[in-house]
Number of protein chains: 2
Amino acid sequence: MTDLETYRHPALAIDLVILAIHDGHLCAVVLPRDDLGKETYALPGGFVHHDQSLDQTVARVLAEKTGLTGLAFEQLATYGDPARDPRGHVVSVAYLALLPAPLRAAGLPLAEIRVTWPGEAGGPASAHLKGTPLRLAFDHAAILGDTVKRLRGKIDYSRIAFSLLPARFTLRQVQEVHEAILGRPLLKPAFRRKLLDRGILRDTSEMQTGNAHRPAALYELVPPTLE
Amino acid sequence: MTDLETYRHPALAIDLVILAIHDGHLCAVVLPRDDLGKETYALPGGFVHHDQSLDQTVARVLAEKTGLTGLAFEQLATYGDPARDPRGHVVSVAYLALLPAPLRAAGLPLAEIRVTWPGEAGGPASAHLKGTPLRLAFDHAAILGDTVKRLRGKIDYSRIAFSLLPARFTLRQVQEVHEAILGRPLLKPAFRRKLLDRGILRDTSEMQTGNAHRPAALYELVPPTLE
DNA sequence: TCAAAAGTGTTGATACTACACCCATGG
DNA sequence: CCATGGGTGTAGTATCAACACTTTTGA
């Protein structure tokens with residue numbers, strides 16, 4: 001076996017796709033990176049230190065670059081093209097984290113972007129900041145595209161949609177999250193029934209108030225029974 | 001930015017889950033690794049060299065350790081627990097490759113194992129060689145478990161099942177592949193119809209011969225139209 | 001009283017399950 | 001002519017899309 005320490009191998013990093021719903025659009029946290037070009041942005045990321053697990057690294061980078069702690073995350077995929085980083089060979093493991101709606105306004109020093117989607121198939125995503133297209137560094141447009149594809153595939157049977165919502169939410173809010181991720185409108189009655197039939201929501205007897213229309217019932221997620 | 005070359009970071013490797021159907025069971029290629037313990041086996045793997053892409057590394061390891069070339073593969077997930085390899089911190093990207101039925105007998109210098117599955121939920125897989133349980137090195141049991149879970153999730157809408165079959169096959173053979181991956185029997189009429197309704201098979205006008213029953217029609221996969 | 005959004009009922013179409021049955025071949 | 005597996009028909013059920021409709025609030 002080769003000596004692990006002296007062997008020349010690529011550097012290892014993690015990149016974070018931190019998503020939130022803003023104005024009915026799916027948005028990702030990006031950081032300005034003027035060192036990589038004018039008006040260039042990149043996903044938050046950082047190197048994996050020796051003897052640190054990937055999960056530890058994600059938690060560290062989350063805290064250091066965004067100040068967020070205690071967020072759930074899951075691994076997406078690993079990108080290893082030697083040319084993806086002009087500074088050298090850096091293999092990066094992409095992770096997904098979801099930002100519950102109330103955390104958005106917590107004064108984060110972060111730019112937010114819109115992720116649009118050309119057509120229904122795969123491919124890189126395009127990013128917009130306040131309506132104008134955004135230049136993304138490295139292969140981060142491809143990472144965002146893969147992320148949305150993955151989200152669309154599992155939103156129906158997983159609980160990820162609720163990670164983008166506050167602890168108590170209306171059914172319409174859940175529908176908005178689904179529509180933002182799928183990029184198309186959904187029919188309200190069908191959506192409501194399918195959601196309630198899953199048996200994962202409990203109707204708190206509280207109501208949303210302050211709107212100029214009939215108040216909506218507030219639901220909460222019941223903890224998962226061991227599957 | 002830290003100097004990429006002198007920075008101390010984990011080593012990077014890839015591991016291969018090479019699957020085939022044998023005797024109606026899902027099997028994976030493993031290699032004996034007496035250096036890691038008595039009667040211990042591991043998935044084929046190798047280190048990622050500097051300035052080599054992950055795909056290049058997979059192709060290289062496939063050729064070096066199994067002699068296989070030209071096989072399609074796809075990324076599974078990345079495992080980075082510092083304790084997963086007792087020799088040091090090695091982060092490994094797992095890849096899946098599928099072995100078409102006729103290649104199985106091509107005199108590969110490889111042991112094959114059965115991967116059984118306890119229950120329906122996730123968790124590590126258990127491996128068996130000729131009926132007796134097998135000791136797997138590292139976290140390779142977990143990798144195999146995750147792989148089967150992933151396969152089950154996408155077998156219905158992807159073409160992976162056909163990568164385990166020869167170029168021409170009977171519908172029953174396709175069903176056997178699905179049953180091996182899902183670990184449960186399927187109803188023949190429903191399976192046939194769903195498969196044919198996908199419109200991805202063409203009926204070659206040839207028939208399977210030599211069996212003591214009605215001959216089955218041989219089908220072939222039509223190339224995917226750009227999705 | 002009106003606008004707006006919450007929430008429910010109904011209907012036709014589609015897809016799936018489960019079983020019964022027929023067909024073609026080797027022995 | 002029998003055993004074996006290939007291949008098809010059908011009836012009952014669950015699911016889903018689409019639309020119409022009623023309800024409840026703030027202004």
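The figures that follow rest on heavy atoms only: side chains count, while hydrogens, waters and symmetry mates do not. Here is how names work: the chains are called A, B, and so on, in the same order as the sequence lines, proteins then strands, and each is numbered from 1.
Within the 3.5 Å criterion, the main-chain N or O of A/Thr204 finds no donor-acceptor partner in the side chain of A/Arg168. Side-chain atoms of B/His140 come within 3.5 Å of backbone N or O of B/Leu43 as a donor-acceptor pair.
The pair B/Arg60-B/Asp55 does not count as a salt bridge, with every side-chain nitrogen at least 4.0 angstrom from each carboxylate oxygen. The pair A/Glu39-A/Arg33 does not count as a salt bridge, with every side-chain nitrogen at least 4.0 angstrom from each carboxylate oxygen.
As rounded to whole Å, 9 Å separates atom P of D/dG7 from atom CG of B/Leu218. Atom CZ of B/Phe191 and atom P of D/dG5 are 18 Å apart (whole Å). Spacing between atom CZ of A/Arg192 and atom P of C/dG9 amounts to 11 Å, rounded to whole angstrom units.
Between B/Thr78 atom OG1 and A/Gln75 atom CD the span is 4.5 Å, to the nearest 0.5 Å.
Closest non-hydrogen pair, A/Leu99 versus A/Leu68, comes out as CD1-CD1, 3.6 Å.
Residues from residues 158-173 of chain A placing a heavy atom under 4.0 Å of any atom in DNA chain D do not occur. At a non-hydrogen distance threshold of 4.0 Å, B/Ala212, B/His213, B/Arg214 from residues 195-214 of chain B come into contact with DNA chain D.
At most 12 non-hydrogen atoms from other residues, nucleotides or ligands lie less than 6.0 angstrom from CZ of A/Arg135.
Residue order along DNA chain D, read from the 5' end via each residue's closest nucleotide, puts A/Leu187 first among A/Pro215 and A/Leu187.
With hydrogens and angles left out, the side chain of B/Arg193 and the base of D/dG9 share a donor-acceptor pair within 3.5 Å. Residue side chain B/Lys188 reaches the base of D/dG6 through a donor-acceptor N/O pair under 3.5 Å, judged by distance alone.
Between A/Phe162 and A/Phe169, the ring center distance clears the sub-6.0 Å criterion.
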